[in-house]
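Notes for the one structure printed next.
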Amino acid sequence: MFFPRVFVGWRDFMNLLSEIKGRFLPALAGLSGDVAALLDMIRPAQDAKFGDFQANFAMPLAKQLGRSPRDVATEVIGRLQIADLCEVPEIAGPGFINLRVRTDVLAARLSQIAFDDRLGVATVAQPRNVVVDFSSPNVAKPMHVGHLRSTVIGDSICRTLRFAGHSVTSDNHIGDWGTQFGMIIYGYRHFRDESSWQASAVGELARLYKLVNQLSDYHASVALLPAMQQNLEDSRQKLKQLQDGPDDERKKKLLATMRKGFAAAESELQAAQEKVDRIRQSPALLAAAEAHPDIARRAREETAKLHAGDAENTALWNQFMPVCLAALQQIYTRLKIGFDLTLGESWFNPFLAGVVESLQQQGLATLSEGALCVFPEGSTAPFIVRKTDGAYTYATTDLATIRYRRDQLAAQEVLYVVDSRQSEHFQQLFATARLWGCGDMTLKHVSFGTVMGSDGRPYKTRAGDTVGLESLLDEAILRARRIVDENDDRREQPLLSAEERGRVAEIVGLGAVKYADLHHSRDSDYVFDYDKMLATTGDTATYMQYAYARVCGIFRRLQISRESLRGQAAAIELGTPEERRLALQLLMFGYAIESVLSDYRPHLLTQWLFETANAFSQFFDKCSVQNAESESLKRSRLVLCDLMARAIRTGLSLLGIEVAEVL
RNA sequence: GUCUCGGUAGCUCAAUUGGAUAGAGUGUCGGCCUCCGGAGCCGAAGGUUGUGGGUUCGAAUCCCGCCCGGGACACCA
């Protein structure tokens, strides 16, 4: 018999939900062909008033059998042997079966996992070999806010997969071979400031990149400006004509479309004009621009020379790369994020010709308008694997990478944590890979939305530049420091030295940035807002960190070390609703992780963390540890506190967020 | 034009993928420190889920039409 996914839970004896599903299996036998689907409809209750778990299968099953849902529910409950786990199941509403776990069972389960670092979460029965492709910045330019989501989400997914027992290879597929290298090579040759280069090679490279980019844009804009003005004028005319023309059904819609087109043309023109103005306002820049009229083409030529193996450009590339990588590493070190591999585009360069050859041999690639293309089913646009000029594209590199990951890394699954704007590319890539013979791998685009500013537009500085990641982190940590200072200064006896305050500020600031990102569901755009992410109230990383610090405060106050609890048995007493809720919440950790991994959604873990910290805060409010009515209750609560602290620490660690004993 | 993602409380976002009376945070108003950290806890108000139809026991979720917004659509990656 084939066992579907739910039965993985057999090993996972601490997982309440799996165990409950296991009890329903015999009770449902013979009622439906697809028992797994029915078991899948047993879930945590969506409201505590309905109990702890609810089974929703009676309605669809009744339909299948042509009976009434409550009747079916009654029959299933009649067959169900669950008295040792749950109280008597109740049927509610149209036919929901509500389950409440016996409190003594919760207590017993909690005792068993009390000192388990994994909180009783078993590793998966069938580990997969997963490559996670994330972050992937261009090395020649500084990392900016756009790289934040991929980096933070990707890291969290890696950590969670590893925790679950999968074999994970994180790979930073950096852009180290593209046109931007031609630009810095050109810049280095013509605009290098030797003293700046000596002082800070990265800084100088960033400046050169920006300069060459600006000058290229200038010439492109100057060339395009007349056409753009004409275009704007044309659409102004057309708009006017239409407005004056006869009313009919299509007019309104057409008008809206044209207004949109007009607005787009207008802002396009404005952007181009700004690029031109910026150069013209500076005599030095203007002189540079005029001295290098065909800078864009010549930068492209430098790239082409590099790709062709030109000795001088290769030497420059070799000189630049360590500098660029060190700059990236500095950010990753601050973020406390690491990679198993950093195999960039350049690394796959030697394989590209072979990839194209293989595609041709299999008859997958055809020439179209001079470019060699694959036309995967369901897509009209070509997937270009070799350009007219003979150069390969990132499509080619991505295919080479897939093959490498399958053949050399034995990957069963590859996750691409990349901006949703590239979803069409990945659709084509995956379709092509399947045709090409990589159909045995699971390829998944874990897409995410844009980081927006409070104005609802992509997050930029007031001057309109993208925000550098470095300065963003600085700002968050600075703000966190102010909060930490203020808080500690308020105490009669400050607890933190200046050095400790700095360390805490870093934990709080970084946590705020990461949590803010992760707690949104990844496909939606999210608004970046320092004030919200570092708010001292509400659903932020600090809330969890604060809860953690409060637990530590209890132990400090009572002068008991958390480790000292571990020696003896942990008898748990759950006499109050607050203790019970916290216990149940702690036992749901495994479920939260499963939910995250079912579709790579870290926000489901932030949700669990918030609920857990909230359950603790209620407990903290109502259930005094130091004034517990008995020694055994006090000990029980201490164990609960210790467990909760480790739950928060472990959960946050899967998001890449740290905790501090004192905030 | 084609494709794609979205529109949910004043604001920022959820809703375990079709389940019960759509939930959190924030903001507003009102309670709670002789007691372990008040960065906390409790309560109230706040909704025609863009809109009109359809599918069924049941829809924010699936299908169709329309209205708004973001994004992608041939040689940048």
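Note on naming: letters A, B, ... go to the chains in the order of the sequence lines (proteins, then strands), and numbering restarts at 1 for each one.
The distance from the SG atom of A/Cys623 to the CG atom of A/Leu633 is 8.0 Å, given to the nearest 0.5 Å. Going from atom CZ of A/Arg635 over to atom CG of A/Leu640 covers 12.0 Å, rounded to the nearest 0.5 Å. Atom CD of A/Gln545 sits about 6.0 Å away from atom CG of A/Leu663, to the nearest 0.5 Å. Between atom OH of residue A/Tyr416 and atom CG of residue A/Asp398 there is a gap of 6.0 Å, rounded to the nearest 0.5 Å. Note that OG1 of A/Thr576 and NZ of A/Lys622 are 9.5 Å apart. Values are rounded to the nearest 0.5 Å.
Counting non-hydrogen atoms under 4.0 angstrom, A/Val527 reaches the backbone sugars and phosphates but no base. Among the atoms of the strands shown, only primed sugar atoms or phosphate atoms (P, OP1, OP2) are found under 4.0 Å from some heavy atom of A/Tyr543. As judged by a 4.0 angstrom heavy-atom cut-off over every strand, A/Ser524 is placed among residues touching the sugar-phosphate backbone only. Within 4.0 Å (heavy atoms only), A/Cys373 reaches at least one base atom of the nucleic acid. At the heavy-atom level, A/His603 lies under 4.0 Å from the strands shown only through sugar-phosphate atoms. Across all strands shown, A/Asn487 has heavy atoms under 4.0 Å from base atoms, whether or not it also approaches the sugar-phosphate. At the heavy-atom level, A/Arg490 lies under 4.0 Å from the strands shown only through sugar-phosphate atoms. At the heavy-atom level, A/Ile483 lies under 4.0 Å from base atoms of the strands shown. Within the nucleic acid shown, A/Gln618 comes within 4.0 Å of sugar-phosphate atoms alone, with no base atom in reach, counting heavy atoms only. Within 4.0 Å (heavy atoms only), A/Tyr526 reaches sugar-phosphate atoms of the nucleic acid but no base atom. Within 4.0 Å (heavy atoms only), A/Gln428 reaches no atom of the nucleic acid at all. Across all strands shown, A/Ser624 has heavy atoms under 4.0 Å from base atoms, whether or not it also approaches the sugar-phosphate. Residue contacts for A/Ile384: at a heavy-atom cut-off of 4.0 Å it reaches a base atom on one of the strands shown. Residue A/Val551 is out of contact with every strand shown, counting any heavy-atom pair closer than 4.0 Å.
B/rC33 has its base syn relative to the sugar, with a glycosidic angle deviating from 0 by at most 90°. Classified by its glycosidic torsion, B/rU4 falls in the anti category, the angle being over 90° from 0.
What separates OH of A/Tyr394 from C1' of B/rA74 is a distance of 12 Å, to the nearest Å. Taking atom CG of residue A/Asp523 and atom C1' of nucleotide B/rA60, one finds them 15 Å apart after rounding to whole Å. Distance A/Met452 CE to B/rC5 C1': 12 Å, rounded to the nearest Å. Distance A/Gln427 CD to B/rU4 C1': 8 Å, rounded to the nearest Å. When rounded to the nearest whole Å, the span between CG of A/Leu609 and C1' of B/rA14 equals 15 Å. We find that CD of A/Gln422 is positioned 12 Å from C1' of B/rG71, with the value rounded to whole Å. A straight line from CG of A/Asp489 to C1' of B/rG37 spans 16 Å, rounded to a whole angstrom. Distance A/Tyr515 OH to B/rC13 C1': 11 Å, rounded to the nearest Å.
Side-chain N/O atoms of A/Asn138 and A/Gln180 include a donor and acceptor closer than 3.5 Å.
Heavy atoms of other residues, nucleotides or ligands lying less than 6.0 angstrom from CZ of A/Arg491 number more than 12. Enclosure of atom CD in A/Glu301 by more than 12 non-hydrogen atoms of other residues, nucleotides or ligands within 6.0 angstrom is indicated. By the neighbour-count criterion of 12 heavy atoms within 6.0 Å, atom NZ of A/Lys444 is densely surrounded, having more than that number from other residues, nucleotides or ligands.
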Once base and sugar-phosphate atoms are separated, protein heavy atoms under 4.0 Å mark nucleotides 18-34 of chain B, 5' to 3', with B, S and - as -BBB--SSS--------

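Atom P of B/rA14 sits at a distance of 14 Å from the matching atom of B/rG50, rounded to the whole Å. With both ends at atom C1', the span from B/rC5 to B/rG19 equals 26 Å, rounded to whole Å. Separating the C1' atom of B/rG31 from that of B/rU21 is a span of 26 Å, rounded to the nearest Å. With both ends at atom P, the span from B/rC64 to B/rG23 equals 29 Å, rounded to whole Å. Taking atom P on both nucleotides, B/rC36 is separated from B/rU49 by 46 Å, rounded to a whole Å. B/rU28 and B/rG10 are spaced 16 Å apart, taking the P atom of each and rounding to whole Å. Nucleotides B/rC33 and B/rC42 place their P atoms 15 Å apart, quoted to the nearest Å. When the P atom is used for both B/rU26 and B/rC62, the distance is 30 Å, rounded to whole Å.
For A/Ser423 and B/rU4, the shortest distance from a side-chain N or O to OP1 or OP2 is not below 4.0 Å. When the side-chain nitrogen and oxygen atoms of A/Arg550 are compared with OP1 and OP2 of B/rG38, one or more of them lie within a distance under 4.0 Å.
With B/rG71, B/rC36, B/rU16 as the candidates, the nucleotide lying closest to the side chain of A/Gln626 is B/rC36.
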According to the Watson-Crick and G-U wobble definition with distances under 3.5 Å, which dot-bracket string, read 5' to 3', encodes RNA chain B, using [ ] for crossing pairs and | for pairs with another strand?
-> (((((((..((((.....[...)))).(((((.......))))).....(((((..]....))))))))))))....

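By the salt bridge (charged side-chain N to carboxylate O under 4.0 Å, His left out) test, A/Asp531 is found to be paired with A/Arg479, residues two or more places apart in sequence or in another chain being considered.
Remark: the A/Thr388 side chain and the B/rA74 base include no donor-acceptor N/O pair separated by less than 3.5 Å.
Between A/His520 and A/Tyr515 there is no side-chain heavy-atom pair separated by less than 4.5 Å.
For the pair A/Arg43 and A/Phe53, the cation-pi criterion (under 6.0 Å, within 45° of the ring axis) is not fulfilled.
A salt bridge does not link A/Glu486 to A/Arg482: none of the charged nitrogens lies less than 4.0 Å from a carboxylate oxygen.
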